[in-house]
Amino acid sequence: MNYKVKIKGTGIYAPKKVVTNFDLEKTIETSDAWIYERTGIKQRHICSTEGGEFPSDMAYHATLDALKAANLEPNDIDMILFASVTPDYRLPNTACILQQKLGITNKCAAIDIAAACSGFVYGLNMATGLIKMGAIKNALIVGSEMLSREVNWEDRNSCILFGDGCGVAVVGRNEDNDDSDILSLHLGADGTGKEFFDQPIGGSVEPLTAQHIEDKVHFMQMKGKEMFKVATRTLAENATIVLDRAQMTLDDVNWLIPHQANVRIIETTGKLLGINPEKVIVNIDKYANTSAATIPIAMHEAITDGRIKRGQILLLDAFGAGLTTGATLLRY
Ligand code: UT7
């Protein structure tokens, strides 16, 4: 069996509250000019903590739109892959919570993926294998993050970079008379860089205590410069790997959709590859870095505003904490 795999529908959810760089100027020593010049970010969306905008909620709303676009019902989903480093709870997994919220009664598989910013691409690539071999027909791939909960809002080195949001894709066996397919893929990781971006407090090794909270050491922490260097090199390598595997070149690619961590990372990667900047989708100005959600949000926006058209070649390229990485080359 070697079925073709099609992105049938996408959806996003952006929390209602918007925090601009100017808002951050009021709480930390920073400026809109510094943030925009160094990162390309102008604003980020932040989830309400009152309820209704937690990762499973955002995914619920985004999935309804994606199912509508795909012309499918919740029970047509055979597997949920929920990529997040900020799940609703430690147990149960957020994929199961989403299954219940969507009213899925077919007992479909539901797991979370903790691959940080590469999580959506990990999910898409793993589902592709199962769809191609005929084990499942349709998968729901989710990237949904509430990073605002894990960010130290007093640390100007990191807090300016992140935002909350969700992007999803319904991916399934292509039963239409067209060429849409996943053409090649790549997944990888390098644990030697695990300290570049981590959150060591709150797990089994060091459970959260009142002292940690008082000392404010329980948040995500990042070595920005180290991440920056590895990110550009890895994203460029990924693109070459998937293009080689599909025996294609950059000229064949209509749109590069890179992980949105910093516009300078995206530009440097583009230069390393030699791709026309007009082919690179960038929306970090509006959302900042939403980890696993950046790629599906950027893809959905470009689909709905008409830039991405059926039949075009897309290259999704991700990199994140772990250090994890992955890329997907597909005909949309
Ligand atoms: O999703 C994947 C994970 N994320 C990434 O891969 C992010 C990768 N890294 C980055 O995006 C960049 O390294 C940062 C945006 C985090 C930092 O940019 P940078 O150009 O590497 O700045 P820097 O750390 O070298 O800081 C330059 C200066 C420093 O001052 P001194 O030491 O030169 O006096 C910082 O203290 O800018 C200062 N600075 C700030 N100033 C105003 C750092 N953060 C801020 C701030 N506002 N928010």
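Note that ligands are numbered from 1 as they come in the structure, with each ligand's atoms numbered from 1 the same way. Everything quoted here is computed from the prediction, not taken from an experiment. Counting from 1, the numbers follow the sequence of the chain as shown.
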**Student:** Apply the side-chain contact (heavy atoms from CB on, under 4.5 Å) test between Leu329 and each candidate in Asp244, Val253, Asp181; give the one that qualifies.
**Tutor:**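 For Leu329, the side-chain contact (heavy atoms from CB on, under 4.5 Å) check succeeds only for Val253.
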**Student:** Measure from the side-chain N and O atoms of Lys132 to the backbone N and O of Tyr3, and report whether any donor-acceptor pair falls under 3.5 Å.
**Tutor:**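 Present.
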**Student:** When you measure from the side chain of Glu154 to the backbone N and O of Ile28, does any donor-acceptor pair fall under 3.5 Å?
**Tutor:**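 No: the side chain of Glu154 does not pair with the backbone of Ile28.
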**Student:** When you compare the side chains of Asn238 and Asp317, does any donor N or O come within less than 3.5 Å of an acceptor on the partner?
**Tutor:**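 Distance-only check passes for Asn238 and Asp317.
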**Student:** Asp164 and Ser148: side-chain donor and acceptor closer than 3.5 Å?
**Tutor:**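 Their side chains do contain a donor-acceptor pair, which is all the 3.5 Å distance test asks for.
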**Student:** Is atom 13 (O) of ligand 1 near the protein, in the sense that some protein heavy atom lies at less than 4.0 Å from it?
**Tutor:**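 Within 4.0 Å: yes, protein heavy atom nearby.
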**Student:** Could you check whether any heavy atom of Ile28 sits closer than 4.0 Å to an atom of ligand 1, since that is the contact criterion I want to use?
**Tutor:**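 Per 4.0 Å heavy-atom rule, Ile28 does not contact ligand 1.
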**Student:** Side chain or backbone, does Arg264 bring an N or O within less than 3.5 Å of an N or O on ligand 1?
**Tutor:**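 Between Arg264 and ligand 1, an N or O pair is found under 3.5 Å apart.
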**Student:** When you compare the side chains of Asn125 and Thr328, does any donor N or O come within less than 3.5 Å of an acceptor on the partner?
**Tutor:**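 Their side chains do contain a donor-acceptor pair, which is all the 3.5 Å distance test asks for.
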**Student:** Would Ser84 and Asp112 count as having a side-chain donor-acceptor pair, cut-off 3.5 Å?
**Tutor:**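 No donor-acceptor contact under 3.5 Å links the two side chains.
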**Student:** Distance alone, cut at 3.5 Å: any donor-acceptor contact between the side chains of Ser118 and Thr324?
**Tutor:**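 Yes, Thr324 and Ser118 have a side-chain donor paired with an acceptor closer than 3.5 Å.
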**Student:** Indicate whether atom 46 (C) of ligand 1 is within a distance of less than 4.0 angstrom of some protein heavy atom.
**Tutor:**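 Answer yes: something from the protein, a heavy atom, is under 4.0 Å.
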**Student:** Which residue owns the protein heavy atom closest to atom 36 (O) of ligand 1, what's the atom, and how far is it?
**Tutor:**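 Sorting protein heavy atoms by distance from atom 36 (O) of ligand 1 puts Arg156 NH2, 3.0 Å first.
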**Student:** Would you verify that at least one protein heavy atom lies under 4.0 Å from atom 31 (P) of ligand 1, or report that none does?
**Tutor:**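 Protein heavy atom within 4.0 Å of atom 31 (P) of ligand 1: absent.
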**Student:** Looking only at side-chain N and O atoms, does Thr290 offer a donor or acceptor that is under 3.5 Å from a partner on Glu145?
**Tutor:**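 Absent: no donor and acceptor within the cut-off.
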**Student:** What part of Thr30, side chain, backbone, both or neither, has a heavy atom within less than 4.0 angstrom of ligand 1?
**Tutor:**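 Both backbone and side chain.
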**Student:** Is any N or O atom of Asn289, backbone or side chain, closer than 3.5 Å to an N or O atom of ligand 1?
**Tutor:**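 Yes; the residue has a nitrogen or oxygen that sits under 3.5 Å from a nitrogen or oxygen of the ligand.
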**Student:** Does Gly224, backbone or side chain, put an N or O under 3.5 Å from an N or O of ligand 1?
**Tutor:**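 Yes; the residue has a nitrogen or oxygen that sits under 3.5 Å from a nitrogen or oxygen of the ligand.
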**Student:** From atom 15 (C) of ligand 1, work out which of Thr290, Ile35, Asn262, Thr232 has a heavy atom at the shortest distance.
**Tutor:**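 Ranked by closest heavy atom to atom 15 (C) of ligand 1, first place is Asn262.
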**Student:** As an exercise, identify every atom of ligand 1 less than 4.0 angstrom from a heavy atom of Met227.
**Tutor:**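 What qualifies from ligand 1 is 2 (C), 3 (C), 5 (C), 6 (O), 8 (C).
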**Student:** Which one holds for Ala231 and ligand 1: side chain close, backbone close, both close, or neither close, with close meaning a heavy atom under 4.0 Å?
**Tutor:**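 It is neither; nothing of Ala231 touches ligand 1.
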**Student:** Could you check whether atom 39 (N) of ligand 1 has a protein contact, counting only heavy atoms that fall below 4.0 angstrom?
**Tutor:**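 Looking at atom 39 (N) of ligand 1, one finds that a protein heavy atom does lie closer than 4.0 Å.
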